[in-house]
Protein chains: 2
Amino acid sequence: METRELRYFVAVAEELHFGRAAQRLGIAQPPLSRAIHQLERRLGVVLLDRTSRAVSLTAAGSVLLREARAALDAVEAAERRTRRAATGHAGLVLATKAGASSELLAKLLDAYAAEPDAVAVDLLLCGPAEQERLLRDGRADVALLHRPFDSTAGLDTEELRTEGQVVILPAGHPLTARTHVRSAEVTGLADLPMPRWPGRDGTYPDGPGPEVRSHAQLLQLIELGRACLIAPESSRARLRDTLVAVPVLDAPTVTTVIAWPPHSRSRAVAGLVRAATRL
Amino acid sequence: METRELRYFVAVAEELHFGRAAQRLGIAQPPLSRAIHQLERRLGVVLLDRTSRAVSLTAAGSVLLREARAALDAVEAAERRTRRAATGHAGLVLATKAGASSELLAKLLDAYAAEPDAVAVDLLLCGPAEQERLLRDGRADVALLHRPFDSTAGLDTEELRTEGQVVILPAGHPLTARTHVRSAEVTGLADLPMPRWPGRDGTYPDGPGPEVRSHAQLLQLIELGRACLIAPESSRARLRDTLVAVPVLDAPTVTTVIAWPPHSRSRAVAGLVRAATRL
DNA sequence: CAGGATCGATACCCGCGCGGTATCGCTGCC
DNA sequence: GGCAGCGATACCGCGCGGGTATCGATCCTG
């Protein structure tokens, strides 16, 4: 199978529409139809059920969609990492969620910078659940993840810290008088619904909470008394006095891990991980 | 980058010889030269240093070799898993080292077979250090590995059992009178050298021990007093009375893990892992 | 030191396959 | 029933991948 065929299939499988997929790929529709047919013929497998009105994935097609995405990521990663290796750009790219673990991150960067063979570390701030993809497609060399929110499947990891969670409320809210709360007391608040983040496709799930795109936006919403947030307790450090954090007893413990793609033989990654584990 | 280009590059990078690589690929040498040049031009990266007498990898070339292998494995896995998904062959393929963990394996298969939604499990016996590749390129769905010998990088795992190691000696050998030994006493034996296994390329490392290809062959060599073996203590169960096992106190502990490729959403794999963890 | 052997690069040609346009055939809808 | 939407099919042209022949550089050999 050629990557061209995989790219074509992924486009059709995602659009479920040959015309739109062809447009997205920048080719005409007939060659796309033919390419998919050829792919099916070569595999000996029907990937799509098509009537003249609708296209849908078969079970085998769903499998190929998932696998093809992974394979294309791997090819992309090969390209990117080769280019980076060539330009002699020895620097590391560290992916981290925007506005998370800043003091841990600072300590890590300081500790690593003190190592004898340290190289430059570029930071790549990204949205939630995006880091795994950055590592897999080669845009990042190493990332800070937070279990159980981020999946670490297929990555090598080292645990850095575990902590409880707090709920962040606007100052003056009745619950701020409490020394601790339970998660059910918070998620059910009608006056302070949990905000909704966009999914990978950019759309928002249904629900009562406000739609947010950034951390700053979210904090402002909390100050305005329109939302609340459950977050790791280390986020207290960055709170202004208009916001109050109250421990949530039964919220899942958050583990911050440093993660990197398997088989990454890079000395630089190894050094950064070593610095991290010594924190 | 197309997989064709990656295959071509891997062939050249492995052979370090355009002629042989072309032969291996079943094409003539000139198109291969051209393809590699094109790849370098498109990447904007020099991958190979070539004089008219010798070919060698640049730093970027080594990176691409490693990454390209991973990417090609992923493409191959996509193809295989899609084919398997299509034939409705719901069975699982379990990879395990030939002649290892047989009683654990038997218990696992029994426990899984008792599950309500169990599917057929095919066994794929393979040589040491081969399982990871089988999982990554889609020939196997799940494997039994032994840490620290097998690398679990890039795989999801669940620990099943930890055990010490024993040295397997021919009956009558002086050391068989001991209740335990230290590893230095065994690895230094001039009369019973450790056997040598072939590497991934089929060649044997240098050393004093006999060359072996199979477990049966090895056991016979031990019976004949020509070799000894350090193995997990569970291998005692299969020994004939011509062989004696003596615990090795300072040998590393062996952990048997069940491993599967990340993102494997298969219900069957999940069921097998669940059965394994309940053992 | 000359001649040959080896090996990658280059030149040139051919044919397949990818992509394009035009059109068909089916289906659901007003 | 006519129309609109959409995938499949037919057909064409050209670019590119692959082939052979040959060059040019380098090392070995007598």
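Residue numbers begin at 1 in each chain, while the letters A, B, ... track the order of the sequences. Computed from a prediction, not measured in an experiment: that's the story for all the values here. Reckoned from all heavy atoms, side chains included, excluding hydrogens, waters and symmetry mates.
In this structure, Leu48(A) atom CG and dC6(D) atom P are separated by 16 Å, rounded to whole Å. dG7(D) atom P lies 11 Å from atom CD of Glu15(A), rounded to whole Å. Regarding Glu5(A), its CD atom lies at a distance of 12 Å from the P atom of dG17(C), rounded to whole Å. Nucleotide dG8(C) holds its P atom 16 Å from the OH atom of Tyr8(B), rounded to whole Å. Look at CD on Glu2(A): it is 13 Å from C1' on dG17(C), rounded to the nearest Å. Atom P of nucleotide dT21(C) and atom CD1 of Ile27(A) are separated by 12 Å, given to the nearest angstrom. A straight line from CG of Leu47(A) to P of dG7(D) spans 16 Å, rounded to a whole angstrom. When rounded to the nearest whole Å, the span between CD1 of Ile36(B) and P of dA9(C) equals 9 Å.
Along DNA chain D, the nucleotide nearest Ala54(A) and the nucleotide nearest Arg4(B) are compared for position; the residue whose nucleotide lies closer to the 5' end is Ala54(A).
More than 12 non-hydrogen atoms from other residues, nucleotides or ligands lie less than 6.0 angstrom from CD of Glu115(B). A 6.0 Å sphere centred on CD of Gln220(A) holds no more than 12 heavy atoms belonging to other residues, nucleotides or ligands.
The pair Arg50(B)-Glu40(B) meets the salt-bridge criterion, since a charged nitrogen lies less than 4.0 angstrom from a carboxylate oxygen. Salt bridge status for Glu2(A) with Arg7(B): present, with a side-chain N to carboxylate O gap under 4.0 Å. Salt-bridge formation is detected for the pair Glu14(A)/Arg69(A): a Lys NZ or Arg NE/NH1/NH2 atom is positioned less than 4.0 Å from an Asp or Glu carboxylate oxygen.
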Could you run down the sub-3.5 Å N/O contacts of the protein with nucleotides 26-28 of chain C?
residue: dC26(C); atom: O2; partner: Ser52(A); partner atom: OG; Å: 3.2
residue: dT27(C); atom: O4'; partner: Ser52(A); partner atom: OG; Å: 2.8

Pick out the pairs of N or O atoms, protein on one side and nucleotides 8-11 of chain D on the other, that lie under 3.5 Å.
residue: dA8(D); atom: OP1; partner: Arg50(A); partner atom: NE; Å: 2.4
residue: dA8(D); atom: OP2; partner: Ser33(A); partner atom: OG; Å: 2.8
residue: dA8(D); atom: N7; partner: Gln29(A); partner atom: NE2; Å: 3.0
residue: dA8(D); atom: N6; partner: Gln29(A); partner atom: OE1; Å: 3.4

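Put simply, the side chain of His17(B) gets close to the backbone of Arg20(B): a donor and an acceptor are under 3.5 Å apart. Looking only at distances, no side-chain donor or acceptor of Glu15(A) sits under 3.5 Å from a matching main-chain atom of Val12(A).
Fit an axis to the five pairs at each end of the helix from dC1(C)-dG30(D) to dC30(C)-dG1(D) and the two axes sit 10° apart, to the nearest 10 degrees.
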N/O donor to acceptor pairs below 3.5 angstrom from side-chain atoms of residues 71-78 of chain A, sequence neighbours left out:
residue: Asp73(A); atom: OD1; partner: Arg133(A); partner atom: NH2; Å: 2.7
residue: Glu76(A); atom: OE2; partner: Arg80(A); partner atom: NH2; Å: 2.5

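Take Glu211(A) and apply the side chain to side chain donor-acceptor pair (under 3.5 Å) test, not counting sequence neighbours, and it matches no residue.
Identified under the salt bridge (charged side-chain N to carboxylate O under 4.0 Å, His left out) test for residues 144-155 of chain A, with sequence neighbours left out: Lys97(A)-Asp150(A), Arg147(A)-Glu159(A).
Side chains of Leu124(B) and Thr96(B) form no contact here, defined as non-hydrogen atoms less than 4.5 Å apart.
For the OP1/OP2 pair of dC16(D) and a distance below 4.0 Å, the side-chain nitrogens and oxygens of Gln38(B) include no atom meeting the criterion.
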